[in-house]
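As structure tokens, the structure follows; a few thoughts come after it.
Chain letters run A, B, ... following the sequence lines, proteins first and then strands; every chain starts at 1.
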Number of protein chains: 2
Amino acid sequence: MPSKPTMRDVARKSGLSIATVSRVINSPDDVPAPTVEIVNAAMRHLNYRPNINGRRLKMRHTRTVGVLVPTLANPVFATSVQGIEQEAHAEGLTVLLTSSNYDPDREMGAVSALLNNRVDGLILTLANADSNPVVDLLLAEKIPFVLLFNQPYRADIAAISVDNAQSAYDIADVMIKRGHRSLAMVAGRFESSDRSRQRYDGFCRALVDAGIETPHLVQVGFGETDLIEPLRDLLCGPAVVTGLVCSTDMLAIAAINACRAYGLSVPGDVSVGGIDGISVGGLITPKLCSAVQPTQEMGRQALAFLRGLITGQSNPESLLLPHHLSDGESIGPFRRRSSTRI
Amino acid sequence: MPSKPTMRDVARKSGLSIATVSRVINSPDDVPAPTVEIVNAAMRHLNYRPNINGRRLKMRHTRTVGVLVPTLANPVFATSVQGIEQEAHAEGLTVLLTSSNYDPDREMGAVSALLNNRVDGLILTLANADSNPVVDLLLAEKIPFVLLFNQPYRADIAAISVDNAQSAYDIADVMIKRGHRSLAMVAGRFESSDRSRQRYDGFCRALVDAGIETPHLVQVGFGETDLIEPLRDLLCGPAVVTGLVCSTDMLAIAAINACRAYGLSVPGDVSVGGIDGISVGGLITPKLCSAVQPTQEMGRQALAFLRGLITGQSNPESLLLPHHLSDGESIGPFRRRSSTRI
DNA sequence: TTGAAAGCGGTACCAG
DNA sequence: CTGGTACCGCTTTCAA
């Protein structure tokens, strides 16, 4: 049972040295054409496959990037990873994928594993970008990294995102302008998403600016698929609400389902706006009202930017991408039925 | 500029040999507790991080699995990768991710790159599982792999999927039973998806069994976001259709959008059923009629099965998972408006 | 133009 | 229980 052929095998087969074989692989131009052909022939005969791990060990860099997202079950992150992957493919880079499942405690473990792989750089979506041990570690070890979707306070760390607060503000503002006076935010748990908190802040600011006092808030776990219980009070309790702003599209979808379960039509009885803009095919989002920035493109940009950091051609800085509201075709008008009980 | 600390550094610092350090890392139980503590202390002081690539080079296996999907922009695949990642995390495995973008020509390159990384095994969703050079290569090189979503003819290659043909049959059957006599299938290009062809076959069989002659077919590219043109003839041409069966949920969503663009309500004027069951939160699928098998679970199963293959505990075989139709709540009745022109 | 040889950071066998 | 040491597969001087 012959193990996989190595460079030595190729060298032997071609009657040349392994140094020459290496040259043929890495800089064929430095080798006379006939020699190249001989070596290539040998490689073909042996079905030779360079063992990248050998190279990685020797070289200073690994041409590998690590990616950490909360979950791929959220199309927003999945799509961004698709963008990263595409760009990585174009650059000839390998992608190491991990996910934290929205659990801050798992982030360090995941990043650790990535660092043990000696990735050249990282693209991360963290639960909380500020005062995060992972960020400190990376900064201390001087590993290039860029945050995606996070908006850290510190201006000297690379981040690519839309303006979370502003996008929530804009959505809330649209709803207010259409006559909603009693709004609630359905937000992912703040501990597992700083975006969620930032969006809530923007939401509150919009209400304040409009002279509305009470911003209702419901925090739910991500991946929460059934919001019927969590939304009971909001939809048919004492503090009845006419519109919901959700911190993510997935939550918006879940909220819409809950509304329907309560016999409320959306829109009509209640309006639901989701922040995110799940751009999978541009179609999945219930186009009520979304602050959209095509996520796949954000992924590509993140990798491109990371490449700049790795090669030292650019410096860490935060890029705030413009967001825009999807048409919000059906955000109003509001006409809630008097009493809906379940 | 001290490079990253290595085992030798730890050995020196702790006054022990690198062999002992290695033991502390890999089998601490073989080392007296005090020694373990000394070494651990040294590692902590130095901020030591084992370089996995060194290990990989030495060991026969890499504890790494390669994953190839058409794209993560399709929630079905993204979710399955999430399942794979979860299971990999539980097993302490590293995931190398690649995508083919539905391009068969890119599959070989991607798998090649994965093999150069000496992955222990692969999980693949291929454009076409039959007579595929990638499959031949893997079989020849005896690399464990399992196909996900593909249903190859050969029974001796590992595959996890629902029964594509049957699920399409079932959906079509439901629609027929509800009164549809003029149905069309909107399918992804057969070249880029054998599932698509298999589903079309099932669709046709259902029509034949019901005594319906002409199965309409429109093949479209995946990621096709705008089906207005492709569906023009079907929706308002001479061969008017009352129901669409789509080979994937993403296509179904796109089709629904197209219907609306033509002023048709869905369901009502026309019924659209999607095969797949995008289970992101269980909510994104317009629940017209979907053959669902939770995709995340399929991913986990795939990795678990792959692990069995790698350890030699199980043999390649195809697992056909049961699918079920989502409630199809609103698949009919059909009441198409007489003339819809655009 | 080509080759010999010294590692890269680990693992594990074999002695002591 | 611990240490010396020979690799794993590849890159890269340095000489020939």
Side-chain angles (χ1 to χ4, degrees), chain A residues 1-40 42-43 46-64 94 112-113 115-120, chain B residues 1-40 42-43 46-64 92 94 113 115-120:
Chain A
M1 45 195 40
S3 192
K4 292 212 174 304
T6 77
M7 268 181 50
R8 321 183 91 80
D9 297 317
V10 177
R12 195 169 323 125
K13 180 96 180 177
S14 57
L16 292 162
S17 74
I18 87 174
T20 301
V21 175
S22 177
R23 281 187 205 105
V24 169
I25 293 174
N26 298 303
S27 47
D29 294 345
D30 295 356
V31 181
T35 308
V36 170
E37 198 30 62
I38 291 175
V39 173
N40 279 334
M43 296 201 297
L46 293 173
N47 256 309
Y48 171 72
R49 231 173 233 308
N51 183 334
I52 287 196
N53 296 309
R55 174 196 311 229
R56 278 205 248 270
L57 194 52
K58 183 67 181 177
M59 307 273 275
R60 188 179 270 82
H61 59 263
T62 57
R63 296 196 65 69
T64 293
T94 299
S112 239
L115 291 185
N116 290 353
N117 277 279
R118 296 297 190 269
V119 293
D120 290 337
Chain B
M1 42 193 42
S3 192
K4 294 209 172 306
T6 76
M7 269 181 49
R8 323 183 90 82
D9 297 317
V10 176
R12 195 170 322 124
K13 180 99 180 174
S14 58
L16 292 162
S17 74
I18 89 175
T20 301
V21 175
S22 179
R23 279 187 209 106
V24 169
I25 293 175
N26 298 302
S27 48
D29 295 344
D30 296 358
V31 181
T35 309
V36 170
E37 199 28 63
I38 291 175
V39 173
N40 279 333
M43 296 201 298
L46 293 173
N47 256 308
Y48 171 71
R49 241 177 223 304
N51 184 334
I52 287 196
N53 296 309
R55 175 195 310 229
R56 278 206 249 271
L57 195 51
K58 182 68 181 176
M59 309 271 277
R60 190 179 269 81
H61 59 264
T62 56
R63 297 197 64 71
T64 294
T94 299
L115 292 185
N116 291 351
N117 277 279
R118 296 298 189 271
V119 293
D120 290 339

Query raised in the report: Between A:Leu46 and A:Lys13, is a side chain to side chain contact (heavy atoms under 4.5 Å, CB included) present by the stated rule, with each step listed?
Result: CA-CA 9 Å; A:Leu46 293 173; A:Lys13 180 96 180 177; 3.9 Å; yes
Report summary line: Whole-Å distance, B:Met59 CE to C:dG9 P, equals 18 Å
Report task. Identify which nucleotide among D:dC10, C:dA4, D:dT2 has an atom closest to any side-chain atom of A:Tyr48, counting heavy atoms from C-beta outward. Result -> D:dC10
Report summary line: Regarding the side chain of A:Leu57, the nearest nucleotide among D:dG9, C:dT1, D:dT2 is D:dG9
Query raised in the report: Between C:dT2, D:dG3, C:dT11, which one does the side chain of B:Ile18 approach most closely?
Result: C:dT11
Report summary line: Rounded to whole Å, CE of A:Met43 lies from P of D:dC10 at a distance of 11 Å
Report task. Starting from P on C:dG9, measure out to CZ on A:Arg118 and report it in whole angstrom. Result -> 8 Å
Query raised in the report: Which atoms form the tightest heavy-atom contact between A:Ile18 and A:Arg8, and what is the distance?
Result: CG2-CA, 3.9 Å
Requested in this report: State which of C:dT11, D:dT11, C:dG3 makes the closest approach to the side chain of A:Met7.
Outcome: D:dT11
Report summary line: Per nearest nucleotide of DNA chain D, the residue lying toward the 5' end, B:Thr35 or B:Arg55, is B:Thr35
Requested in this report: Could you check whether B:Arg49 gets within reach of a base, just the sugar-phosphate, or nothing at all, counting any heavy atom under 4.0 Å?
Outcome: sugar-phosphate
Report task. Using only side-chain N and O atoms of A:Ser22, determine if any of them is under 4.0 Å from OP1 or OP2 of D:dT11. Result -> yes
Requested in this report: Please report the closest heavy-atom contact between A:Asn47 and A:Pro5, naming both atoms and the distance.
Outcome: O-CG, 3.8 Å
Query raised in the report: Is a donor-acceptor contact shorter than 3.5 angstrom present between the side chain of A:Lys58 and the base of C:dG7?
Result: yes
Requested in this report: Mind checking B:Ile25 for me? I need base, sugar-phosphate or nothing, with any heavy atom below 4.0 Å counting as a touch.
Outcome: nothing
Query raised in the report: How long is the span from the CE atom in A:Met59 to the CG atom in A:Asn26, to the nearest 0.5 Å?
Result: 7.0 Å
Report summary line: Rounding to 0.5 Å, atoms CZ (B:Arg55) and CG (A:Asn53) come to a distance of 12.5 Å
Report task. Whole angstrom is fine here: how far is it from CD1 in B:Ile52 over to C1' in C:dT11? Result -> 14 Å
Query raised in the report: Within the side chain of A:Ser14, is there an N or O that forms a donor-acceptor pair under 3.5 Å with the backbone of A:Ile38?
Result: no
Report task. Could you tell me the separation between the NZ atom of A:Lys4 and the C1' atom of D:dC7, rounded to a whole number of Å? Result -> 19 Å
Query raised in the report: Picking from C:dG10, D:dG3, D:dC10, which would you name as closest to the side chain of B:Thr20?
Result: D:dG3
Report summary line: B:Asn116 atom CG is separated from D:dG9 atom C1', nearest whole Å, by 13 Å
Report summary line: Between the CD1 atom in B:Ile25 and the CG atom in B:Asn40, the distance rounded to the nearest 0.5 Å is 8.5 Å
Report task. Just call it for A:Val21: base, sugar-phosphate, or nothing, with non-hydrogen atoms closer than 4.0 Å on any strand. Result -> nothing
Query raised in the report: Between the side chains of A:Thr64 and A:Arg56, is a donor N or O closer than 3.5 angstrom to an acceptor N or O?
Result: yes
Report summary line: Rounded to whole Å, CZ of A:Arg60 lies from P of C:dG7 at a distance of 16 Å
**Report entry** Whole-Å gap separating P (D:dC10) and CZ (B:Arg56)
**Finding:** 15 Å
Report task. Please work out if A:Asn26 contacts a base, only the sugar-phosphate, or nothing of the nucleic acid, heavy-atom cut-off 4.0 Å. Result -> sugar-phosphate
Polar atom pairs (N or O), protein with nucleotides 14-16 of chain D, under 3.5 Å:
none

Report task. State whether B:Thr6 places a side-chain N or O below 4.0 Å from either non-bridging phosphate oxygen (OP1 or OP2) of C:dG9. Result -> no
